[in-house]
Amino acid sequence: MSEQKTISETSVPNGVKLPIYMDNHATTPMDPRVLEEMLPYFTDKFGNAASRNHVFGWVAEEAVEQARERIAKLVGATTKEIIFTSGATESDNLAIKGVAEMYREKGNHIITAVTEHKAVLDTGKRLEKYGFRVTYMPVMKDGLIDLDDLKRAMDDKTILVTLMAANNEIGVLQPVAEIGKLCHERGVLFHTDATQAVGKIPIDVQKMNIDLMSISAHKMYGPKGVGALYVRRKNPRVQVSPIIDGGGHERGMRSGTLNVPGIVGLGKACAICHQEMPQESCRLAGLRNRLKDKIMGSLDEVYVNGSMEHRLPNNLNISFAYVEGESLLMGINDIAVSSGSACTSATLEPSYVLKALGTGDDLAHSSIRFGIGRFNTEAEVDYVAARLIEVVRRLRELSPLYEMAKEGIDLKSVSWAAEG
Amino acid sequence: MAYSDKVLDHYTNPRNVGSMDKNSQAVGTGLVGAPECGDVMKLQIQVNPQTKVIEDAKFKTFGCGSAIASSSLATEWVKGKTVDEALSIKNTDIVRELSLPPVKIHCSVLAEDAIRAAIGDWKKKNGVAAQAEAHAPMAKAGD
């Protein structure tokens, strides 16, 4: 990793190693216990889980079935309801396109929300090209959908509602149980992209009336390139058309030789989350609140994006008014976090999630997302808070907007020249 | 994204940060960009009325590292030049000096606009024929 020199007034406490990783919504480091369990399946136990006539295949298949059990146990499903995929993007695609094709006779209307992940939004856009109608619901200021909006959006052609469990930018939790109940009352299937939620907060597909659910391994300390789709088997029995055809693996829903080491890793990651979630979520919420309190106690004009009440325990998304996000990231280059600033995105557009909350573009440009993870410590949180406060103060000294605001100029009243 | 050493240097040690009295006759102020676009630059020059030489320049910028570096560099370059010489500074010169990647070219455009806007303001204040009017109109505090 190339290191950039940093001039910092904040000293590095003992035991803190730089750079600090605090971007755990992007991906998580793999838990060493997960890696340990995976390793034999790359070498000694390399068999193809579909090989039915020798021991190599049986060993692989047994490992896959154990992983299926562990995943099912974490989310209240049965093993036959777990379909392995390459990750949550594929799971989202399979769920949405698979339902769209399978239930085309019944209707052509799909409901989702504007703050969904691109894997859902872009899948919706593609289906629109093929004659489906997609409703993109707005969200309220706190990032939650309005259940009345959802009721109103449903009609007799609605076949699927797809709404995420936890948002990847602002960590806001949608009322999944209420959505599931409503969908089942109306006989509409409910898919939830639970990439950020599974392993972090309790999810029960039965209690929450979830019909399809996307799961990813690398967001919960497992390996990249593997995920799962939960597909309900009873009340109702859900069917999806495959998007990948071939050898008929995964009960015909997803062909392709199973990624056995990855699946073993996903299973182990789920088992650890299942066991440690109560303590871990409390610890992470404590660290997150500590970070928030330190920042908000030291800086003025700092705004939390999204509901604090309905939120992942490890997420914080804050806008630092009058400071642009990319320049802030540059100042804290010994810390890995991400920003909703346009400059950090490929499209040069500020975060569409923050815009959907009604956060002005100016504040969207000033946002930082923190994702605290299993391996972050209190000392790291304290260092991150101190560095951030230092850099925000320095950049505000440099900011004409901060100066104008301090002079009492209402920035909204300024007629800004368009870019030349 | 990897930043060039020069961008990092200007970001870490920005030159000529500060503000001048915008009501002073000798000071020209340029304020360009918009908060919604993620870039706002304020560039001020202090001009010797006899020689028309820019004797001092200050800036403040809200924007990414490249925007900060572009405006910091702009203040360095205008100092010691006459206002007419300063108008010859082109955004492409800034791109070259800072090795800005294509996605950051708008930062250099904004810095050139800021120079032009500051000079335009000074000329207007001092009744100098504005033969090279700023092509980006200056933002004004509304009422």
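The structure presented is a predicted model; accordingly, all values stated were derived computationally and were not measured. Reminder, nothing fancy here: chain letters follow the sequence lines and each chain counts from 1.
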Exercise. What are the two closest non-hydrogen atoms of Gly65(B) and Ser327(A), and how far apart are they?
Worked result: N-CB, 4.0 Å

For this session: Go through Glu403(A) and Ser19(B) one step at a time and tell me if the side chain to side chain contact (heavy atoms under 4.5 Å, CB included) criterion holds.
Result: CA-CA 9 Å; Glu403(A) 181 182 70; Ser19(B) 292; 2.3 Å; yes

Exercise. Stepwise, does the side chain to side chain contact (heavy atoms under 4.5 Å, CB included) test hold for Ser399(A) with Thr61(B)?
Worked result: CA-CA 5 Å; Ser399(A) 169; Thr61(B) 287; over 6 Å; no

For this session: Could you tell me whether the side chain of Trp416(A) reaches within less than 4.5 Å of the side chain of Val32(B), counting heavy atoms only?
Result: no

Seminar exercise, completed: In terms of heavy-atom contacts, Pro400(A) and Val40(B) come closest through CG-O, 3.7 Å

Exercise. Between Asp410(A), Leu363(A), Val323(A), which residue shows the highest count of heavy-atom pairs closer than 4.5 Å to chain B?
Worked result: Val323(A)

Exercise. Going from CG on Leu395(A) to OH on Tyr11(B), what distance comes out if it is rounded to the nearest 0.5 angstrom?
Worked result: 4.5 Å

For this session: Locate the shortest heavy-atom distance separating Pro14(B) from Arg394(A); write the atom from each residue and the value.
Result: CD-NH1, 4.1 Å

Exercise. Rounded to the nearest 0.5 Å, how far does CZ of Phe62(B) lie from OG of Ser366(A)?
Worked result: 4.0 Å

Problem set entry | Carboxylate-amine/guanidinium contact Glu326(A) Lys104(B), below 4.0 Å | yes

Exercise. Around Lys125(B), counting heavy atoms of other residues, nucleotides and ligands shown, do more than 12 lie under 6.0 Å from its NZ?
Worked result: yes

Exercise. Could you give the distance from CE (Met330(A)) to SG (Cys64(B)), rounded to the nearest 0.5 Å?
Worked result: 8.0 Å

Problem set entry | Contact class of Val17(B) relative to chain A, heavy atoms under 4.5 angstrom | side chain

For this session: Measure the spacing between NZ of Lys42(B) and CG of Leu398(A) and express it to the nearest 0.5 Å.
Result: 11.0 Å

Exercise. Atom CG in Asn333(A), atom CG in Leu8(B): separation rounded to 0.5 Å?
Worked result: 7.5 Å

